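So that the names make sense, note that chain A is the first sequence line, chain B the second, and so on, each numbered from 1. Note that the structure is predicted; figures quoted are calculated from it, not measured.
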Amino acid sequence: MEGPGALEIARNVVSLARRAGAEQCDAVVSMYTESNVTVRLGELEKLIEAGSMSLGLRVISKGRTAVCSTSDLSPASLEQFVRDAVDLASISEPDEFAGLPSPAELSNVTNADGLGLYDEQIESLSTERKVAMARACEGAAFAFDKRINNSDGASLSTRVGQFALANSLGFEGSYPSTSISLMVEAIADDEEGKKRNGYWYSAERALHRLLDPEEVGRVAARRTVDQIGARKMPTRQVPVVFEPMMTVALAGDLVGCVSGSALYRGATFLADRLGDTIGSPLVTIVDDPRLAGRLGARPFDGEGVTTRRNDIIREGQFSTFLFDCYTARRTKNSTTGSAQRGIETLPAPGVSTMVFEAGADTPEAVVAGVSEGFYVTSLMGNGFNPTTGDYSRGAAGFWIENGRLAFPVTEVNISGQMEAMLRDVDMVANDLTWFGSSAAPTIRVKSMTVAGT
Amino acid sequence: MTNPGAASLEFFASRYNIDSVAMSSLLSIALSRGGDFAELFFEHRTNSAIQWEDQRVKSASRNVAQGVGIRVVKGDAIGYAYTESLEMEAMRRAAETASRIGTADERPVPVDATPMLQAGSFYSTTDPLTDEPAARKVALMERADRAARGYDPSIARLDASIGDELKYVMVARSDGKVVGDIQPLIRFNVSALSQNGQSRQVARTGGGGRLGIEYFDRVTPEELAREAARQAVLQQGAIEAPAGTLPVVLAAGDSGVLLHEAVGHGLEADFNRKGTSNYSGRVGQPVASPLVTVVDDGTIADSRGSINVDDEGNPATRNVLIEGGTLRGYLHDEVSARHFGVTPSGSGRRQTFKDYIMPRMTNTFMLPGQSTPDEIIRGVDRGIYAVSYSGGQVNISNGDFVFSVTEAYLIEGGKVTAPLKNVMLIGNGPEVLSRVTAVGNDYQLSDGRWTCGKDGQSVPVGVGMPTVLVSGITVGGTKV
């Protein structure tokens with residue numbers, strides 16, 4: 001990339017803001033190049049290449065907070081930009097909890113060495129190679145089964161970025177990172193012309209970790225043909241098995257309830273439950289941004305605080321909320337190094353790299369113990385209420401009969417209450433699978449309402 | 001009032017020296033490798049927001065983004081590049097990158113870009129909220145706070161935000177057409193927490209549109225805040241919903257989101273060009289009950305989904321998608337319109353200059369019918385009355401959908417009775433539209449709070465609906 005580096009810009013903006021009257025401030029800079037190739041029916045359909053840079057500045061003066069962002073990084077514009085940000089803070093009212101981390105909380109590590117966030121092979125990947133990978137992926141989907149008669153295309157995306165954070169306490173950190181993802185959706189016609197579709201993807205930081213493109217295509221195709229002949233089911237109460245991708249979705253709904261923001265707003269059913277047993281002993285969910293090579297991993301958080309592994313639920317016991325500095329001060333806690341930071345928004349606590357830890361059983365054994373039940377492979381809609389824990393989502397998958405997947409099922413709804421569901425987890429398999437920045441195994445919930453006809 | 005198109009062109013010319021000569025030269029580069037069609041999309045966007053929490057202003061924000069997206073179309077294939085720098089050199093490089101979707105040897109293609117003016121405007125840009133003093137905006141949130149707390153003693157928190165966007169866009173196309181627009185957008189959000197001991201309920205609502213502070217002459221902050229408070233308190237007394245297939249009465253207004261998801265997306269022509277929609281190849285065929293007429297209209301005054309011109313420079317229009325149950329047509333962008341050999345419907349939209357264009361909805365609604373809402377409810381012996389929604393999702397390929405209903409009631413013996421919690425509606429778009437057995441005469445456009453997501457891109461939309469009876473939808477309740 002040309003011009004000044006990300007860290008240099010961040011450092012410069014912090015010093016400009018200090019001179020313009022900011023008592024405390026921090027600046028984040030994101031620079032990246034991205035590419036996307038999409039191949040559909042074997043032909044190149046879309047080719048995107050571009051580079052981007054943007055800057056976000058948070059100003060806190062006498063407890064008054066403002067956040068501003070711009071993509072115009074010319075020196076003349078920056079002077080005006082920081083003055084506007086300092087002025088804007090005066091609109092806010094003083095908040096005793098606003099402020100940067102204490103100097104002791106700031107990370108001593110200011111790069112990502114050893115975390116494996118960058119793969120030089122991503123940068124040197126040629127357009128021809130990307131097209132070939134996407135083509136191989138889609139081709140494998142068509143070759144898998146002759147009933148696959150259409151595709152929404154195979155899409156390969158890459159991103160090479162540099163992130164920098166500087167603050168008025170002297171913290172200066174930056175690191176490069178890469179990501180690559182490949183996705184395909186295969187389509188088949190069912191009886192009466194109803195279309196069935198399934199997708200699969202792989203998303204990683206390094207090229208060598210990306211799933212074989214042909215394997216991505218085959219899995220998508222298998223998921224599509226598996227749904228041919230899917231039926232609706234009468235309403236009943238049965239055990240529900242979540243395949244790993246669905247366990248990730250379930251755990252994702254849950255971790256939205258453990259943020260310090262939800263805590264102080266009273267918007268989580270876990271507000272008064274810290275230390276309580278809320279799940280079966282088989283349930284352990286951690287947020288571990290120190291997992292080398294994983295998406296979501298990072299050396300310091302969006303405020304410059306050292307990241308660490310946080311055990312959210314350990315063997316069923318609710319062990320910690322996730323905090324940034326603001327929500328920690330507000331609730332008389334300490335930051336857990338969980339500040340997420342967009343360019344345009346204030347820091348807020350959230351999960352980075354989430355793992356629902358694996359158990360001992362094989363996924364086959366989890367299904368084998370079910371005489372009648374539902375195996376979920378797809379969830380739809382946002383029917384989870386974090387304030388009450390009420391869980392209700394549209395679903396598709398398979399009906400389980402006598403310990404085997406018997407036939408595909410669609411247009412049903414599964415519902416329960418999150419805490420009851422966690423307590424009802426009676427089997428956790430050993431098939432931990434990664435999906436981008438999250439991983440989970442197959443799990444079974446003893447009883448849920450499956451609503452249908 | 002100044003013409004927003006002319007004003008936007010003047011904005012880019014005076015601020016960045018982007019004139020006809022510059023645009024012609026960039027388009028010429030973009031087409032130099034054999035592309036069929038090219039366009040430049042210039043954007044300058046300012047977003048401001050003020051957050052209200054704990055009866056005070058928590059923070060203020062202001063975000064400015066600018067850039068140009070350059071697209072080259074070759075058959076059904078697209079080359080795309082963007083840059084945030086509006087310096088000529090950076091834009092030239094982006095044009096070259098985008099040109100590479102064509103494979104021909106390089107040769108200059110002359111383009112003569114000519115500014116054009118569209119007539120009038122569907123929204124007022126005289127007083128964008130961006131320019132209002134902060135104190136006026138803060139006062140609106142103070143009013144909301146007082147109203148929510150005054151509504152019920154259980155209201156323990158009121159979070160609010162007021163946000164506005166002012167977007168200058170300019171589109172220059174290789175057929176020579178250059179058009180601009182200035183698009184204002186405001187949004188007022190409230191979230192109320194009702195707390196009775198350990199029992200907490202949060203409800204959210206909001207409103208807005210493509211207008212300025214005069215929005216609050218039509219809808220007051222008090223009304224919005226009391227609505228959020230009412231829903232939160234109502235949920236405290238809500239009972240478990242039945243599970244199974246039941247008749248559902250969709251209330252006027254917000255229920256339009258169901259139409260948007262279950263039907264609208266399947267009528268976006270990119271899916272039909274690819275044959276991946278359940279509506280592919282079915283123009284002229286019956287796809288819904290004869291009571292159903294569905295329209296997408298980007299020209300409704302001040303509505304959140306309206307646009308003077310789309311992001312490809314085509315004027316917004318009113319498109320009848322389904323008429324008396326028969327499929328009439330799709331929503332088109334340039335690529336799909338070329339493919340189908342029809343006129344673009346003014347539906348080419350993108351979230352920002354960084355994103356690619358797709359056919360998208362604007363304001364989508366069902367036209368009113370003959371029945372009164374009372375008649376419709378009286379005719380239901382046991383069913384669900386669905387009023388407000390937090391969102392929905394559809395599988396475009398087969399029309400399967402799911403909706404979360406945040407305000408719903410049981411209907412018993414023709415009367416609306418107990419409020420229900422945790423209601424989900426699960427079904428299939430075409431099937432549900434074929435089961436519409438009554439359409440009310442009480443059409444309502446929902447207040448501007450909906451945002452549509454497609455392929456990771458969000459655009460503001462409007463939805464609308466009269467009261468409608470569907471003879472059966474799967475209700476995902478907890479009570480067996």
| request: Examine whether an atom of A:Leu346 lies under 4.5 Å from a heavy atom of chain B, and if so say whether it belongs to the side chain, the backbone or both; otherwise answer neither. | output: side chain

| note | Applying a strict 4.5 Å limit to non-hydrogen atoms, the region of A:Asp390 in contact with chain B is both

| Relative to chain A, which segment of B:Ser397 carries a heavy atom at a distance below 4.5 Å: side chain, backbone, both, or neither? | both

| message | If you apply the rule side chain to side chain donor-acceptor pair (under 3.5 Å), what do you find for A:Ser77 with A:Asp72, and how did you get there? | response | CA-CA 7 Å; A:Ser77 306; A:Asp72 181 358; 2.9 Å; yes

| said: Is the ring pair B:His44/B:Tyr16 parallel, tilted or perpendicular, if the boundaries are 30 and 60 degrees? | reply: tilted

| N-O pairing of A:Glu411 and A:Arg231 below 4.0 Å | no

| Greatest number of heavy atom pairs closer than 4.5 Å to chain A - which of B:Gly69, B:Pro430, B:Ser277, B:Ala90 | B:Ser277

| request: Tell me, please, whether A:Tyr326 has B:Lys58 positioned over its six-membered ring: NZ or CZ under 6.0 Å from the ring centre and within 45 degrees of its axis? | output: yes

| B:Ala94 versus chain A, the contacting section by heavy-atom distance below 4.5 Å | neither

| said: So which atom in A:Thr65 and which in A:Ser92 form the shortest heavy-atom distance, rounded to 0.1 Å? | reply: O-OG, 2.6 Å

| query | What's the shortest heavy-atom distance between A:Asp152 and B:Lys274, and which atoms? | reply | OD1-NZ, 3.4 Å

| field | Engaged part of B:Val475 at the chain A interface, taking heavy atoms whose separation is under 4.5 Å | value | backbone

| Among B:Gln198, B:Lys137, B:Gln195, B:Gln51, residue most engaged with chain A (heavy-atom pairs, under 4.5 Å) | B:Gln198

| task | Measure distances from A:Asn382 to the heavy atoms of chain B and classify the residue's part below 4.5 Å as side chain, backbone, both or neither. | result | both

| message | Taking side chain as everything from C-beta outward and backbone as N, CA, C, O, which of these in B:Glu87 sits under 4.5 Å from a heavy atom of chain A? Side chain, backbone, both or neither. | response | neither

| Considering only heavy atoms, which portion of B:Ile50 lies under 4.5 Å from any heavy atom of chain A: side chain, backbone, both, or neither? | side chain

| query | When you measure from the centre of the six-membered ring of B:Tyr80, is the NZ or CZ of A:Lys46 under 6.0 Å away and within 45° of the axis? | reply | no

| request: Examine whether an atom of A:Ser151 lies under 4.5 Å from a heavy atom of chain B, and if so say whether it belongs to the side chain, the backbone or both; otherwise answer neither. | output: backbone

| request: Name the region of A:Pro94, side chain, backbone, both or neither, that has any atom closer than 4.5 Å to a heavy atom of chain B. | output: backbone

| task | Pick whichever of B:Leu86, B:Thr46, B:Val64 has the most heavy-atom pairs under 4.5 Å with chain A. | result | B:Val64

| Given a strict heavy-atom distance threshold of 4.5 Å, which part of A:Tyr264 is in contact with chain B: side chain, backbone, both, or neither? | both

| Is chain B contacted by the side chain of A:Gln417, its backbone, both, or neither, given a heavy-atom distance below 4.5 Å? | neither

| message | Hydrogens and angles aside, do A:Asn413 and A:Ser392 bring a side-chain donor and acceptor to less than 3.5 Å of each other? | response | yes

| message | Can you tell me which portion of A:Glu34 sits under 4.5 Å from chain B's heavy atoms? Options are side chain, backbone, both or neither. | response | side chain

| query | Under a 4.5 Å heavy-atom cutoff, which of B:Val202, B:Asp400, B:Thr474 has the most pairs with chain A? | reply | B:Asp400

| field | Under 3.5 Å side-chain donor-acceptor pair for B:Gln236 and B:Ser194 | value | yes

| Do you know which two heavy atoms are closest between A:Ser71 and B:Gln66, and how far apart they sit? | OG-N, 3.2 Å

| Once the angle between the rings of A:Tyr391 and A:Phe384 is folded into 0 to 90°, is it parallel (under 30°), tilted (30 to 60°) or perpendicular (over 60°)? | tilted

| message | Taking side chain as everything from C-beta outward and backbone as N, CA, C, O, which of these in B:Asn428 sits under 4.5 Å from a heavy atom of chain A? Side chain, backbone, both or neither. | response | both

| Where does B:Tyr356 contact chain A at under 4.5 Å (heavy atoms): side chain, backbone, both or neither? | side chain

| Closest non-hydrogen atom pair, A:Leu379 against A:Ala249 | CD1-CB, 4.1 Å

| message | Given heavy-atom pairs under 4.5 angstrom as the criterion, report whether the side chain, backbone, both or neither of B:Asn47 touches chain A. | response | neither

| request: Check whether B:Tyr82 gets within reach of chain A through its side chain, its backbone, both or neither, counting any heavy atom under 4.5 Å. | output: both

| remark: Applying a strict 4.5 Å limit to non-hydrogen atoms, the region of A:Leu88 in contact with chain B is both

| task | Name the region of A:Thr410, side chain, backbone, both or neither, that has any atom closer than 4.5 Å to a heavy atom of chain B. | result | side chain

| task | Provide the closest heavy-atom pair for A:Ala451 versus B:Gly476 in the form atom of the first, atom of the second, distance. | result | CB-CA, 3.8 Å

| query | At a heavy-atom separation under 4.5 Å, does A:Ala271 approach chain B through its side chain, its backbone, both, or neither? | reply | both

| query | Does a sphere of radius 6.0 Å around CZ in A:Arg273 hold more than 12 heavy atoms from other residues, nucleotides or ligands, not counting ones at 6.0 Å or beyond? | reply | yes

| For the student: nearest non-hydrogen atoms of B:Gln393 and A:Gly381, plus distance | OE1-N, 2.8 Å

| field | B:Arg71 NZ/CZ over B:Phe41 ring centroid, <6.0 Å and within 45° of normal | value | no

| Engaged part of B:Glu261 at the chain A interface, taking heavy atoms whose separation is under 4.5 Å | neither

| Where on B:Arg62 is there a heavy atom nearer than 4.5 Å to chain A: the side chain, the backbone, both, or neither? | both

| remark: Bottom line for A:Val412: the part with an atom under 4.5 Å from chain B's heavy atoms is backbone

| chain B heavy atoms under 4.5 Å from A:Arg265: which part of the residue, side chain, backbone, both or neither? | both

